[in-house]
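Working notes, structure below.
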Amino acid sequence: MRMGALKSLKEDYDIIDANFLHFCASHGIFSVEDVLVHDVYLLVASAEKLANFDRLKQGINQLLSIIETCHQPWMNGLEILEDRKQNKHHLSTGFDVLLHGGLHEGHVTELVGPSSSGKTQVCFQVASNVAMKLGSVVFLDSGNSFSPTRIMQMVTRISGSAGNKVDGFLQPAMRNIEHHAVFDIYALLKILHQLKLNLKSQTRYRLRLIIVDSISSLIAPVLGGSNAQGHALMVSVGYLLKELADRHNIAVVVTNHMVSGEGGIPKPALGESWKNIPHVRLQVSQDHASNTYGVYILKHPYMASGGSVTFMIP
């Protein structure tokens with residue numbers, strides 16, 4: 001379902017006038033949906049070259065805000081149940097007991113925790129499991145933390161093989177992990193838009209898992225103050241991740257850091273608006289002395305919060 005044509009918004013939004021529509025049309029943008037397949041940074045950069053830049057920027061911000069209200073076509077309960085049974089499966093994590101089978105395809109799962117709590121190690125564990133047994137993984141790395149050596153160690157351990165037999169598992173698994181260094185939210189949006197186009201056009205491309213480590217380091221710099229665009233960009237990222245997960249039966253994992261909340265109690269970063277985006281929130285901790293990891297359920301659509309489990313990643 002395509003969202004409304006831009007010209008239909010003129011009556012409700014004064015900022016979306018004939019000049020703004022002409023500017024959008026020159027970039028191939030005729031509907032709200034078209035905004036999602038464009039690099040917002042490049043769109044703003046193009047507007048900066050024009051005399052009416054301030055007004056055009058307001059119009060772009062207005063479109064980003066409208067995206068917040070976008071929704072998928074309605075489905076009844078039976079259709080949703082059948083979709084879950086036929087298309088949405090579980091991906092092994094290494095702590096499947098806690099999640100009753102693993103990560104759910106179609107869900108955005110957030111791993112939250114302070115620095116050095118083991119979030120990236122858990123991402124490596126999940127990526128290794130999926131790449132070796134199930135299919136392709138896209139790993140979006142915002143902090144140069146991706147370690148192919150660590151992935152290799154995990155694949156070797158999971159395969160239980162030794163000597164030359166390891167290569168039979170290792171090489172296909174390493175090929176199945178596509179790594180991208182991503183250092184700002186605009187680069188993240190560009191990659192997500194490209195993934196969306198690839199998944200529409202390539203029927204053989206079986207992407208099973210998207211990892212963003214870490215989402216907060218990309219979003220936090222554009223939030224704060226009176227900059228409404230930052231909030232709109234955050235919502236756009238969340239919408240794209242949820243759309244990719246649901247429409248293409250992909251499991252999405254993002255990591256988030258902790259900040260000081262009321263009374264000094266740590267809480268996940270990015271605020272209340274982001275809180276509603278992940279389907280699942282898991283808090284991760286690590287005991288460095290014993291090399292054990294703890295996972296605690298903060299939010300899950302199928303389970304009560306409060307469940308926890310400990311496990312080891314050798």
Side-chain angles (χ1 to χ4, degrees), residues 3 6 15-16 20 23-50 52-70 108 110 123 138-146 178-200 207 210-245 247-248 250 252-257 269-271 273-274 277-278:
M3 304 170 200
L6 292 189
I15 197 69
I16 300 178
F20 182 75
F23 168 76
C24 290
S26 68
H27 290 80
I29 298 174
F30 300 94
S31 73
V32 178
E33 186 181 48
D34 290 336
V35 180
L36 292 174
V37 295
H38 279 73
D39 187 325
V40 178
Y41 179 80
L42 293 180
L43 198 62
V44 173
S46 177
E48 286 178 342
K49 301 174 183 179
L50 303 176
N52 57 341
F53 163 64
D54 288 339
R55 188 168 179 83
L56 291 176
K57 184 178 179 182
Q58 291 176 34
I60 293 170
N61 287 338
Q62 182 66 70
L63 287 182
L64 292 172
S65 297
I66 292 171
I67 290 170
E68 294 184 41
T69 66
C70 298
V108 176
E110 182 184 55
C123 288
V138 170
F139 198 113
L140 306 180
D141 173 19
S142 69
N144 280 330
S145 59
F146 184 79
E178 181 180 333
H179 170 261
H180 296 271
V182 182
F183 299 122
D184 61 53
I185 194 170
Y186 303 105
L188 175 61
L189 281 166
K190 184 175 182 179
I191 289 175
L192 294 180
H193 293 154
Q194 189 60 53
L195 280 175
K196 182 179 177 180
L197 292 174
N198 290 348
L199 289 164
K200 281 184 178 179
L207 179 60
I210 298 172
I211 295 174
V212 185
D213 183 30
S214 80
I215 195 76
S216 50
S217 64
L218 299 173
I219 293 176
V222 301
L223 295 179
S226 58
N227 184 9
Q229 185 185 14
H231 180 265
L233 287 169
M234 178 181 71
V235 173
S236 297
V237 167
Y239 171 80
L240 269 173
L241 289 173
K242 293 178 85 167
E243 182 185 24
L244 288 169
R247 185 167 296 179
H248 300 286
I250 297 169
V252 175
V253 175
V254 301
T255 66
N256 189 3
H257 68 276
L270 302 182
S273 295
W274 177 262
I277 289 175

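We number each residue from 1, following the sequence as shown.
- In this structure the side chain of L189 reaches within 4.5 angstrom of the side chain of H193, judged on heavy atoms.
- Scanning for ring-ring contact (aromatic ring centres under 6.0 Å, His included) contacts around F20 gives an empty result, with sequence neighbours left out.
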Please list, one pair per line, the donor and acceptor atoms closer than 3.5 Å that link side chains of residues 211-223 to other protein atoms, with sequence neighbours excluded.
from: D213; atom 1: OD1; to: T255; atom 2: OG1; distance (Å): 2.7
from: D213; atom 1: OD2; to: T120; atom 2: OG1; distance (Å): 2.7
from: D213; atom 1: OD2; to: S145; atom 2: OG; distance (Å): 3.4
from: S214; atom 1: OG; to: S217; atom 2: N; distance (Å): 3.3
from: S214; atom 1: OG; to: S217; atom 2: OG; distance (Å): 3.1
from: S216; atom 1: OG; to: N256; atom 2: OD1; distance (Å): 3.3
from: S216; atom 1: OG; to: H257; atom 2: N; distance (Å): 3.3
from: S216; atom 1: OG; to: H257; atom 2: ND1; distance (Å): 2.8
from: S217; atom 1: OG; to: S142; atom 2: OG; distance (Å): 2.7
from: S217; atom 1: OG; to: S214; atom 2: O; distance (Å): 3.0

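- Partners of F53 according to the side chain to side chain contact (heavy atoms under 4.5 Å, CB included) rule, which considers only residues two or more places apart in sequence or in another chain, are V44, A47, E48, K57.
- In this structure, OG on S236 lies 10.5 Å from CG on L192, to the nearest 0.5 angstrom.
- D184 pairs by the side chain to side chain contact (heavy atoms under 4.5 Å, CB included) definition with Y186, A187, not counting sequence neighbours.
- Partners of I191 according to the side chain to side chain contact (heavy atoms under 4.5 Å, CB included) rule, which considers only residues two or more places apart in sequence or in another chain, are L140, H180, V182, L195.
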(message) Please determine whether side-chain contact (heavy atoms from CB on, under 4.5 Å) holds for the pair L43 and I29, giving the CA-CA distance in whole Å, both sets of side-chain angles, and the decisive distance to 0.1 Å.
(response) CA-CA 10 Å; L43 198 62; I29 298 174; 3.9 Å; yes

(message) Would Q194 and N198 count as a side-chain hydrogen bond (donor to acceptor under 3.5 Å, both in side chains) here? Give the steps.
(response) CA-CA 6 Å; Q194 189 60 53; N198 290 348; 3.0 Å; yes

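- Among all heavy-atom pairs drawn from S46 and F23, the shortest one is OG-CE1, 3.9 Å.
- Considering every non-hydrogen atom in both I277 and M234, the closest pair reads CD1-O, 4.3 Å.
- Atom CG of D141 is separated from atom CG of N144 by 6.0 Å, given to the nearest 0.5 angstrom.
- Taking CD of Q58 as the start and CG of D54 as the end, the distance is 7.0 Å to the nearest 0.5 Å.
- In this structure H248 satisfies the side chain to side chain contact (heavy atoms under 4.5 Å, CB included) test together with L199, L244, I250, sequence neighbours excluded.
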(request) Check the pair C24 / F30 against side-chain contact (heavy atoms from CB on, under 4.5 Å), numbers first and verdict last. (result) CA-CA 7 Å; C24 290; F30 300 94; over 6 Å; no

